[in-house]
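Following: one structure in C-alpha cells, then a few remarks.
By convention here, the first residue in the shown sequence is residue 1. Heavy-atom basis, side chains included; hydrogens, waters and symmetry copies ignored.
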Amino acid sequence: MVRLSEAEWKVMGALWEEAPQTIMQMTRRFQETTGWTKHTIMTFLKRMEDKGAVFYEPGERAKLYYPQIERQEAVLQETEEFLERVFDGRMGLMLNTMVQHRALSGEEISELHEILMRAEEGRRDVEGGQAVSEKEGGWI
C-alpha cells in the first residue's frame, strides 16, 4: 500500500493528467500556485519513488517521470483507509453523517442514489436475481 501526503497527491495528479513529465515541467506547473522550487519537487519525487508511486526513465536531457500506480488504485486505498480510520469502516455511518449535517447537495444525493441502484442491479445479477438484505451484508 502506498501512502501519499497531500503534496504528493498534487504531484501524482499532475502525472496522472499527463505523463511523462520532467522535474522542470513540474516545477513550472507548481511554482506559482505552491511556491515549490526545483529542489522541493526533486525531494517529493525521490520520496515517491522510494514508496513505489512513481518511476523514471532517462530522457535525452532530463529524467522522465511516470506514475507507477493507477489513480483508481490510489483513490480506493485512500478511501478505504479514511473510512476505516474515521468511521470504523462503516459506509452507512459516513453517509448518515454527511446527510445529517447537510453536507450533500441534492445533485450529490441523486448521484449517490444512481450509484447505489447500479450496485444493487449488479449484485442481483451476480446472485441470480436475489437481493442481499442489510443483515446479509447489503450496502448500508
Side-chain angles (χ1 to χ4, degrees):
M1 178 185 325
V2 177
R3 288 199 171 108
L4 301 171
S5 70
E6 186 175 338
E8 291 168 344
W9 272 98
K10 289 180 182 183
V11 173
M12 289 303 297
L15 289 173
W16 284 321
E17 192 176 297
E18 182 182 348
Q21 290 193 49
T22 66
I23 290 170
M24 290 312 296
Q25 287 172 316
M26 286 186 267
T27 301
R28 282 191 293 276
R29 177 184 182 124
F30 290 113
Q31 183 124 37
E32 191 173 311
T33 58
T34 64
W36 294 343
T37 65
K38 173 183 165 185
H39 297 290
T40 304
I41 299 290
M42 289 170 62
T43 300
F44 288 152
L45 288 169
K46 176 61 177 143
R47 193 168 57 204
M48 294 164 70
E49 186 182 350
D50 291 344
K51 291 179 179 185
V54 301
F55 71 97
Y56 72 88
E57 293 178 354
E60 284 184 34
R61 301 183 76 191
K63 293 177 181 176
L64 301 171
Y65 284 87
Y66 297 84
Q68 189 161 328
I69 56 174
E70 296 291 325
R71 180 189 299 256
Q72 187 173 354
E73 176 188 340
V75 168
L76 181 60
Q77 286 177 0
E78 185 80 12
T79 303
E80 287 175 344
E81 191 175 303
F82 168 78
L83 191 62
E84 189 61 41
R85 184 177 67 250
V86 178
F87 295 99
D88 198 27
R90 296 176 50 209
M91 178 71 71
L93 179 59
M94 182 186 79
L95 292 173
N96 190 46
T97 300
M98 299 300 285
V99 169
Q100 284 181 344
H101 292 281
R102 294 183 179 92
L104 296 175
S105 69
E107 184 178 324
E108 290 169 324
I109 291 170
S110 294
E111 182 180 357
L112 182 58
H113 178 69
E114 289 296 319
I115 291 168
L116 292 174
M117 293 300 290
R118 284 194 307 268
E120 184 63 26
E121 289 171 9
R123 183 166 277 213
R124 284 187 185 137
D125 290 346
V126 169
E127 296 176 0
Q130 295 179 344
V132 177
S133 73
E134 184 176 322
K135 291 179 184 176
E136 294 171 332
W139 285 96
I140 298 179

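- Just one residue in the list Arg118, Arg124, Arg123 forms a salt bridge (charged side-chain N to carboxylate O under 4.0 Å, His left out) with Glu120, and that residue is Arg124.
- If you take CD on Glu78 and CZ on Arg3, they are separated by 9.0 Å, rounding to the nearest 0.5 Å.
- Annotation: side chain of Lys46 is not in contact with side chain of Met42 (no heavy-atom distance under 4.5 Å).
- Once rounded to the nearest 0.5 Å, the distance linking CE of Met98 with NE2 of His101 reads 9.5 Å.
- Taking hydrophobic clusters as Ile, Leu, Val, Met, Phe, Trp and Tyr residues chained together by side-chain heavy-atom distances below 4.5 Å, Leu104 does not share a cluster with Ile115.
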### Task
Evaluate side chain to side chain contact (heavy atoms under 4.5 Å, CB included) for Asp88 paired with Leu93, printing each intermediate quantity in order.
CA-CA 9 Å; Asp88 198 27; Leu93 179 59; 5.6 Å; no

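- Other residues, nucleotides and ligands contribute more than 12 heavy atoms inside 6.0 Å of the CZ atom of Arg85.
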### Task
Check the pair Met117, His113 against side chain to side chain contact (heavy atoms under 4.5 Å, CB included), reporting the backbone distance first and the verdict last.
CA-CA 6 Å; Met117 293 300 290; His113 178 69; 3.6 Å; yes

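- Scanning all heavy atoms of the two residues, the minimum distance from Ile69 to Gly52 falls at CG2-O, 3.8 Å.
- Looking at Glu17 and Arg29, a side-chain N of the basic residue comes within less than 4.0 Å of a carboxylate O on the acidic one, giving a salt bridge.
- Residue Tyr56 places its OH atom among 12 or fewer non-hydrogen atoms of other residues, nucleotides or ligands, all under 6.0 Å distant.
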### Query
Which is it for Val2 and Met48 under the side chain to side chain contact (heavy atoms under 4.5 Å, CB included) test, yes or no, and what are the steps along the way?
CA-CA 9 Å; Val2 177; Met48 294 164 70; over 6 Å; no

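- Within 6.0 Å of CZ on Arg71 lie more than 12 heavy atoms contributed by other residues, nucleotides or ligands.
- Clustering ILVMFWY residues whenever any of their side-chain heavy atoms sit less than 4.5 angstrom apart, transitively, puts Phe55 in a cluster other than the one holding Ile41.
- Annotation for Arg47 and Ser5: closest pair NH2-OG, 4.1 Å, computed over non-hydrogen atoms.
- Transitive grouping of hydrophobic side chains (ILVMFWY, heavy atoms separated by less than 4.5 Å) brings Leu95 and Leu83 into a common cluster.
- Note: Gln25 CD to Leu64 CG = 8.0 Å, rounded to the nearest 0.5 Å.
- Note on Ile23 and Trp9: same hydrophobic cluster, where clusters join Ile, Leu, Val, Met, Phe, Trp and Tyr whose side-chain heavy atoms are under 4.5 Å apart, directly or indirectly.
- Between atom CD of residue Glu111 and atom CG of residue Leu116 there is a gap of 10.5 Å, rounded to the nearest 0.5 Å.
- In this structure, Phe87 and Met94 approach most closely via the heavy-atom pair CE1-CG, 3.4 Å.
- In terms of hydrophobic clustering, with Ile, Leu, Val, Met, Phe, Trp and Tyr side chains grouped at heavy-atom distances under 4.5 Å, Val11 and Tyr66 are assigned to different clusters.
- With values rounded to the nearest 0.5 angstrom, Tyr65 atom OH is found 13.5 Å from Phe44 atom CZ.
- Rounded to the nearest 0.5 angstrom, Trp36 CH2 and Met26 CE are separated by 10.5 Å.
- No hydrogens or angles considered: a donor-acceptor pair under 3.5 Å links the side chains of Thr40 and Thr37.
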